[in-house]
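For clarity, every value in this text was computed on a predicted model and none was experimentally measured. Side-chain atoms are counted along with the backbone in the values below, which use heavy atoms only and exclude waters and symmetry mates.
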Amino acid sequence: IAAVYAGFAVYFGSHFMFHTTINGTDFSMKDVAQVEAYMEEQVKGYVLTIEKSDGSEEQIAGKDISLKYVPGKELEKLVKEQNNFFWIETLWKKQEIEASVGVEYDKEMLEAKLAGLQCMVPENQVASVDAHPEFKDTEFVVIPEVIGTQIDVEKLHKEAEKAVGGFHPVLNLAETECYLKPRFLEDSEQVIAAKDAMNSYLGANITYDFHPYTEVVDAAVISQWVTVDGEMNVAFNQDAVRGYIAALAEKYDTIGKTREFTTANGNVVSVNPGTYGWEIDQETEYGALTANIQNAETVTREPAYFSAAATHEPMDMGNTYAEVDLSSQHMWLFQGGQVVLDSDVVTGNPNIWNRETPSGVYSILELQQNKTLVGEIDPRTGKPEYETPVSFWMRVTWSGIGFHDATWQPYFGGSLYLSNGSHGCINMPYGQAQALYSMLTIGTPVVIHY
């Protein structure tokens with residue numbers, strides 16, 4: 001047994017031991033001459049197959065890069081480096097040797113062949129996509145990276161030279177990492193931290209009450225306002241929040257908008273904007289909404305308003321309001337949808353500049369008894385155009401328009417306003433003005449139309 005063991009030891013002094021591969025080829029129990037003969041034979045038909053990630057292949061033939069075998073000392077060195085007295089270990093232990101063994105080729109020709117590959121054409125390359133947070137269902141999750149087909153040119157040249165130098169028949173671009181990798185991977189600390197930061201904004205739930213309508217700011221909405229850039233920096237898009245509030249204002253504000261109004265006579269008319277209606281205080285609401293989000297609050301509330309109306313229905317004045325028809329020179333007071341008072345009136349003279357009663361939707365701003373109405377200063381005399389005492393004053397605009405008694409008018413209604421109209425106020429008989437005064441409250445809507 002000792003002699004046999006020693007014989008194998010001597011034998012493996014010039015031969016490769018059991019289970020020995022060189023550059024992936026099995027050369028077990030072969031001597032240097034046999035390995036060189038094999039390699040010399042292989043070089044004649046050598047083809048490097050380049051495997052791409054889409055399953056397609058490209059090839060570079062050895063003859064196209066002037067590949068030839070050149071015997072050297074490398075194989076002899078490898079044999080001598082074997083510990084041949086421990087040859088028995090190779091019965092169960094593989095020896096996998098990577099070596100550059102005796103080849104020469106034209107490096108410029110290889111570079112040219114590599115440059116001409118289809119996978120090197122820019123139009124055929126797709127950039128890798130970084131792993132990144134993305135909103136799914138109820139929260140931000142990490143979307144894994146996608147490795148594209150953009151070539152790492154330096155790595156490809158290195159791996160190709162290694163493959164040719166070792167007689168490797170295959171170069172797999174993915175396995176050898178010849179594709180440019182994404183900067184951020186699924187388990188990157190920056191990506192996970194960005195995901196967690198983005199999710200920290202999603203705890204709030206704000207329900208806006210536009211009775212009978214609602215608008216909800218929940219995780220799905222807030223997720224659209226949280227952004228992450230290519231460096232995984234998380235930001236809260238303040239402009240998007242302002243845009244959301246502006247959209248609410250566009251939808252629910254009524255100040256500045258023409259209304260379709262059903263008159264007391266059953267006609268539908270377009271009423272010009274006035275000073276009455278809904279108007280969201282967008283800047284104040286921006287501060288309130290961002291605070292709700294930052295504090296992860298769950299709340300149901302109305303937005304901040306500059307001005308409020310009775311209802312968010314299209315007829316935002318509700319069913320309690322005063323109506324003035326400039327065409328028929330008549331007014332009505334509705335309470336709970338029912339007429340509780342009506343009267344002929346005299347409104348401003350439209351034939352004189354700045355005396356026409358303005359159409360629009362307004363509200364009662366002031367209720368005062370025994371008030372003297374004072375006109376604008378006449379530049380010719382330096383005195384007011386008029387100073388008229390009235391018993392019942394019901395202001396509609398701060399510019400001086402309102403309901404009041406007008407005992408000087410010979411009659412009310414008809415076409416009197418065209419010749420003896422007011423300076424813009426709504427003149428009423430004394431008794432009707434007194435009754436109206438007793439029924440109105442500050443804030444009661446007033447609709448004036450033709």
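Residues G402 and C425 come closest through the heavy atom pair O-CB, 3.3 Å. For V228 against A194, the heavy-atom pair with the smallest separation is CG2-CB, 4.2 Å. When all heavy atoms are compared, the tightest approach of S53 to T149 is OG-CG2, 3.6 Å.
Ring to ring, Y213 and H312 are not that close: their centroids are 6.0 angstrom or more apart. Centroid-to-centroid, the aromatic rings of F135 and F140 come within less than 6.0 Å. Aromatic ring centres of Y208 and Y252 lie farther apart than the 6.0 Å criterion allows. Centroid-to-centroid, the aromatic rings of Y321 and F261 come within less than 6.0 Å.
Between the side chain of Q125 and the main chain of I151, a donor-acceptor pair closer than 3.5 Å is present. Distance alone, capped at 3.5 Å, places no donor-acceptor pair between the Q338 side chain and the Q335 backbone. Formation of a donor-acceptor pair under 3.5 Å by the D209 side chain with backbone atoms of T300 is not found in this model. Checking side-chain atoms of S422 against main-chain N and O of I426 turns up no donor-acceptor pair under 3.5 Å. Side chain of D130 to main chain of R183: a donor-acceptor pair is present (N/O by atom type, distance under 3.5 Å, no hydrogens or angles). Within the 3.5 Å criterion, the main-chain N or O of A304 finds a donor-acceptor partner in the side chain of E285. With W278 contributing its side chain and A249 its backbone, the two residues share no donor-acceptor pair below 3.5 Å. Listed for the T357 side chain is a donor-acceptor partner under 3.5 Å among the backbone atoms of G424. In this structure, the side chain of N295 engages the main chain of A291 through a donor-acceptor pair within 3.5 Å. Remark: the backbone N or O of Y5 is paired with a side-chain donor or acceptor of W87 at under 3.5 angstrom.
With a 4.5 Å cut-off on side-chain heavy atoms, T290 and W225 do not count as touching. In this structure the side chain of C119 reaches within 4.5 angstrom of the side chain of L173, judged on heavy atoms. Between L202 and S223 the shortest side-chain heavy-atom distance falls below 4.5 Å. You'll find the side chain of V164 reaches within 4.5 Å of the side chain of Y46, heavy atoms only. The shortest side-chain heavy-atom distance between V32 and S14 does not fall under the 4.5 Å cut-off. No side-chain heavy atom of E51 sits less than 4.5 Å from a side-chain heavy atom of E175. A 4.5 Å side-chain heavy-atom check between T311 and N319 finds every atom pair outside the cut-off. The closest side-chain heavy-atom distance from I60 to V47 is not below 4.5 Å.
Between the side chains of Q95 and T21, no donor N or O sits under 3.5 Å from an acceptor N or O. Between the side chains of T347 and Q329, at least one donor-acceptor pair of N or O atoms lies under 3.5 Å. A donor atom on one side chain and an acceptor atom on the other are not found under 3.5 Å apart for Y244 and Q224. In this structure, a donor-acceptor pair under 3.5 Å is absent between the side chains of N237 and T227. A donor-acceptor pair shorter than 3.5 Å can be found between the side chains of D26 and S28. With no hydrogens or angles considered, no side-chain donor-acceptor pair links S307 and E279 at under 3.5 Å. When only modelled atom types and interatomic distance are considered, E302 and H211 share no side-chain donor-acceptor pair under 3.5 Å.
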Between V221 and I206, is the side-chain contact (heavy atoms from CB on, under 4.5 Å) condition met? List the steps. CA-CA 10 Å; V221 175; I206 301 94; over 6 Å; no
Take I143 and V141 through the test side-chain contact (heavy atoms from CB on, under 4.5 Å) and record every step on the way to the result. CA-CA 6 Å; I143 302 301; V141 298; 4.2 Å; yes
Before giving the answer on salt bridge (charged side-chain N to carboxylate O under 4.0 Å, His left out), spell out for E145 and K181 the whole-Å C-alpha distance, their side-chain angles and the decisive distance to 0.1 Å. CA-CA 9 Å; E145 69 278 1; K181 290 183 178 180; over 6 Å; no
Apply side-chain contact (heavy atoms from CB on, under 4.5 Å) to L156 and L171, showing your working. CA-CA 9 Å; L156 174 62; L171 171 57; 4.0 Å; yes
Walk me through whether H15 and Q82 qualify under side chain to side chain donor-acceptor pair (under 3.5 Å). CA-CA 9 Å; H15 293 73; Q82 296 181 121; over 6 Å; no
Evaluate side-chain contact (heavy atoms from CB on, under 4.5 Å) for D316 paired with Y276, printing each intermediate quantity in order. CA-CA 9 Å; D316 64 345; Y276 179 84; 4.1 Å; yes
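Here CD1 of I22 is found 11.5 Å from CZ of F167. Values are rounded to the nearest 0.5 Å. Taking NE2 from H168 and OG1 from T25, the interatomic distance works out to 8.5 Å, rounded to the nearest 0.5 Å. Summarising the geometry, atom OG belonging to S328 is positioned 6.0 Å from atom CG belonging to N265; distances are rounded to the nearest 0.5 Å. Of the inter-residue distances, the one linking I245 atom CD1 with Y286 atom OH reads 8.0 Å to the nearest 0.5 angstrom.
The local environment of CH2 in W398 is crowded, with over 12 non-hydrogen atoms from other residues, nucleotides or ligands closer than 6.0 Å. Within a 6.0 Å radius of NZ in K52, other residues, nucleotides and ligands contribute more than 12 heavy atoms. Atom NZ of K155 has more than 12 neighbouring heavy atoms from other residues, nucleotides or ligands inside a 6.0 Å radius. Within a 6.0 Å sphere centred on NZ of K257, other residues, nucleotides and ligands contribute more than 12 heavy atoms. Enclosure of atom CD in E81 by more than 12 non-hydrogen atoms of other residues, nucleotides or ligands within 6.0 angstrom is indicated. Taking a 6.0 Å sphere around CD of E376, one finds it holds 12 or fewer heavy atoms contributed by other residues, nucleotides or ligands.
Across L75, D31, T90, a single residue satisfies side chain to side chain contact (heavy atoms under 4.5 Å, CB included) together with F16, and that is L75. With M17 as the partner, the side chain to side chain contact (heavy atoms under 4.5 Å, CB included) test is satisfied by one option alone out of F12, F27, Y11: F12.
Salt-bridge annotation for E186 and K195: absent, with no side-chain N of the basic residue lying under 4.0 Å from a carboxylate O of the acidic one.
Not a single salt bridge (Lys or Arg N to Asp or Glu O under 4.0 Å) links E159 to another residue, sequence neighbours left out. Under the salt bridge (Lys or Arg N to Asp or Glu O under 4.0 Å) criterion, K94 pairs with no residue at all, not counting sequence neighbours.
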